[in-house]
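These notes concern the structure reproduced below.
Position 1 is the first residue of the sequence, and the numbers go up from there.
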Amino acid sequence: MGDILEMYREAKGSADAGGTEGESTEILAFAQYRDLEKAADRTAAKIKEGFMEMGYILKVARDTDILAGSGYAGHEEFAEKRYGLDKGTVSRYIRIVERFSVGGSSHVLQEGYKNIGFAKLSLMLHMPDAIAEEITENYSKQEVQAIKEEIDAERAVSDIEVAIEAAEAVQEEGSLLERVFRQLGKEQPGLYGKLCRAVPGIPSVIMDILAPQGDAIYMVRIPGTGRLMLAVSRAGASVTKVRSGEKEKYTLEELMAAVAHMACGGSGAGAAEAVQEEKKEAAQASQKEAAPAEPKEKRKESKVIKAAPPKQPAKRAEKAVAETVPSEPETPLPGQMEVMDYPEAYPMGTAACMEAEKQIPDVHYEEIPEEDTMGAEGREAVYSKTAEPAAGKEKPLPTAKPDEAAAIQEQLPPESTACQAEREESTELIRMEADGCLERLRKTFSIWNDEIPMDFLVKAHQDAVSLAAAIEKLMDTGRNGEERSRRC
């Protein structure tokens, strides 16, 4: 062994003393294990976080004129042609350096983000800082992806929908931590049962239930508040509002107190049901373990628990409410005048007011040819002749005999009935759309009595535009129906 070490020392000495220009003749030599360990750690760190150096290099190439005269039009062409990096990868390299490096412009990661890796940091680019700082190297890429999916799901819910939820939901009291545990008890009855059985107990037992692998993240969604992220570790806990990034931190003692408050507050039927659910889950797990199966590697449970999906998404619920709200009956306003209050407006007197068939004189129109050869006086004479019936004589409406009516019906195109049904269905859908817009506008302005936020006004404007469009469609449908009636 001594001869081998001596050989390495001699080789290292000769390498340090000479070497041709432009070529590295350095030979790694290790006098003892500690030297080898340090070199291996240094090389592993370079491999694991080498993307930071590349990101910093590409950032310099982008932000300075160092590529002038190199033959490359920009940093993206330089990265693609020389190293095969596409634009998306180049962008992620630079953004990671700008957000997670020391000072925002170096090749060294901040202490809290070391050893996480390029893939997970790329997902964390889409997260608020308050959430990203809770993720450590102990979380897998799949778990980080699950957190990102929860954030995306909450971003898909608009502020106006959350405001409507807040107006309809019962607002709970207590700290964010207590509210999270109450909601967690509703969404995770098995976990709730375990905690109820463990309280009162030593903190280590409760921590083994909440974070069996040392740390864990729980997502819950409270109507009117949105998603809340509970991050649990041996040092304590934190609760972050996904929508705003607000965070509250709690010590381990405060965490234990919140768990005990949840368990004691649910000591009734709810707690009993949770305990039964927990026993049922434990029995099912023991049956699976007892069943003969091929030996395989035991898969760890995910440390990220996603929020339970709502029974009815907010958008569908809003649409359902808009479609099921009955239209309010038309009631006369105080002081409103009726047409029949003025019999003098009817040339045939009060009796005509009470007889619907006498309220409108028998008026019909004749189509004027495209080439107008009659002149204004001729048209006026025709109109006067057809519009005013002779005194004391009412021109009866033409009627058809039953056999003639059947013949006329047979001559109609077969698709007339189908077209009419389709038209009625289209009209009903448009009316429902208009009712939905009206209901959303009513809710928007009933929630806020003072100043209305700009995003609410934008949403209200969109609903108003949609309502106007629906009314235009109804008017067009009515005109088309009248035109087809005249043609028939």
With sequence neighbours left out, write down each residue that passes ring pair (Phe, Tyr, Trp, His ring centres under 6.0 Å) with [X], or none if nothing qualifies.
| X | result |
| --- | --- |
| Tyr56 | none |
| Tyr93 | Phe118 |
| Tyr218 | none |

For this session: Measure from NZ or CZ of Lys303 to the centre of the six-membered ring of Tyr139 and say whether it is under 6.0 Å with the direction within 45° of the ring axis.
Result: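 Yes.
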
Just how far is it from atom [atom1] of [X] to atom [atom2] of [Y], taken to the nearest 0.5 Å?
| X | Y | atom1 | atom2 | result |
| --- | --- | --- | --- | --- |
| Leu195 | Gln188 | CG | CD | 11.0 Å |
| Asp152 | Met127 | CG | CE | 8.5 Å |
| Ile135 | Ile217 | CD1 | CD1 | 5.5 Å |
| Lys148 | Leu123 | NZ | CG | 7.0 Å |
| Leu121 | Arg99 | CG | CZ | 9.5 Å |
| Leu228 | Ser238 | CG | OG | 11.0 Å |

Taking salt bridge (charged side-chain N to carboxylate O under 4.0 Å, His left out) as the test, write out the residues that go with [X], two or more places apart.
| X | value |
| --- | --- |
| Asp35 | none |
| Lys247 | Glu133, Glu134 |
| Glu98 | Arg62 |
| Glu154 | Arg221, Arg227, Arg243 |

Please give me the minimum heavy-atom distance between [X] and [Y], naming the atom from each residue.
| X | Y | value |
| --- | --- | --- |
| Ile209 | Ala198 | CD1-CB, 3.6 Å |
| Ala156 | Glu161 | O-OE1, 4.4 Å |
| Ser101 | Gln110 | O-NE2, 3.2 Å |
| Leu255 | Leu177 | CA-CD2, 4.0 Å |
| Thr225 | Arg179 | OG1-NH2, 2.8 Å |
| Ser204 | Arg234 | O-NH1, 4.4 Å |

Restricting to side chain to side chain contact (heavy atoms under 4.5 Å, CB included), what partner residues turn up for [X], sequence neighbours left out?
| X | answer |
| --- | --- |
| Ser244 | Lys241, Glu246 |
| Val108 | Val102, Ser106 |
| Glu187 | Gln183, Val220, Ala307, Ala308 |
| Ala211 | Met207, Ala216, Val232 |

For a 4.5 angstrom cut-off between non-hydrogen side-chain atoms, does [X] reach [Y]?
| X | Y | value |
| --- | --- | --- |
| Met124 | Val144 | yes |
| Leu210 | Phe181 | yes |
| Ile131 | Met229 | yes |
| Leu109 | Ile116 | no |
| Met256 | Ile206 | yes |
| His107 | Ile57 | no |

Name every donor-acceptor pair, under 3.5 Å, that has one atom in a side chain of residues 73-85 and the other anywhere in the protein, sequence neighbours excluded.
residue	atom	partner	partner atom	Å
Glu77	OE1	Ala73	N	3.0
Glu77	OE2	Lys81	NZ	2.9

Problem set entry | Main-chain N/O of Lys87 paired to Ser91 side chain as donor or acceptor, under 3.5 Å |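 No: the side chain of Ser91 does not pair with the backbone of Lys87.
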
Problem set entry | Name of the residue among Asp63, Leu58, Thr89 meeting side-chain contact (heavy atoms from CB on, under 4.5 Å) with Ile94 |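 For Ile94, the side-chain contact (heavy atoms from CB on, under 4.5 Å) test succeeds with only one of Asp63, Leu58, Thr89, which is Leu58.
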
For this session: Could you go through the side chain to side chain contact (heavy atoms under 4.5 Å, CB included) check for Val304 and Gln142 one step at a time?
Result: CA-CA 9 Å; Val304 175; Gln142 290 74 18; over 6 Å; no

Problem set entry | Greater than 12 external heavy atoms within 6.0 Å of Ile66's CD1 |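 Open.
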
For this session: Check the pair Ile471 / Leu467 against side chain to side chain contact (heavy atoms under 4.5 Å, CB included), numbers first and verdict last.
Result: CA-CA 6 Å; Ile471 294 174; Leu467 176 60; 4.2 Å; yes

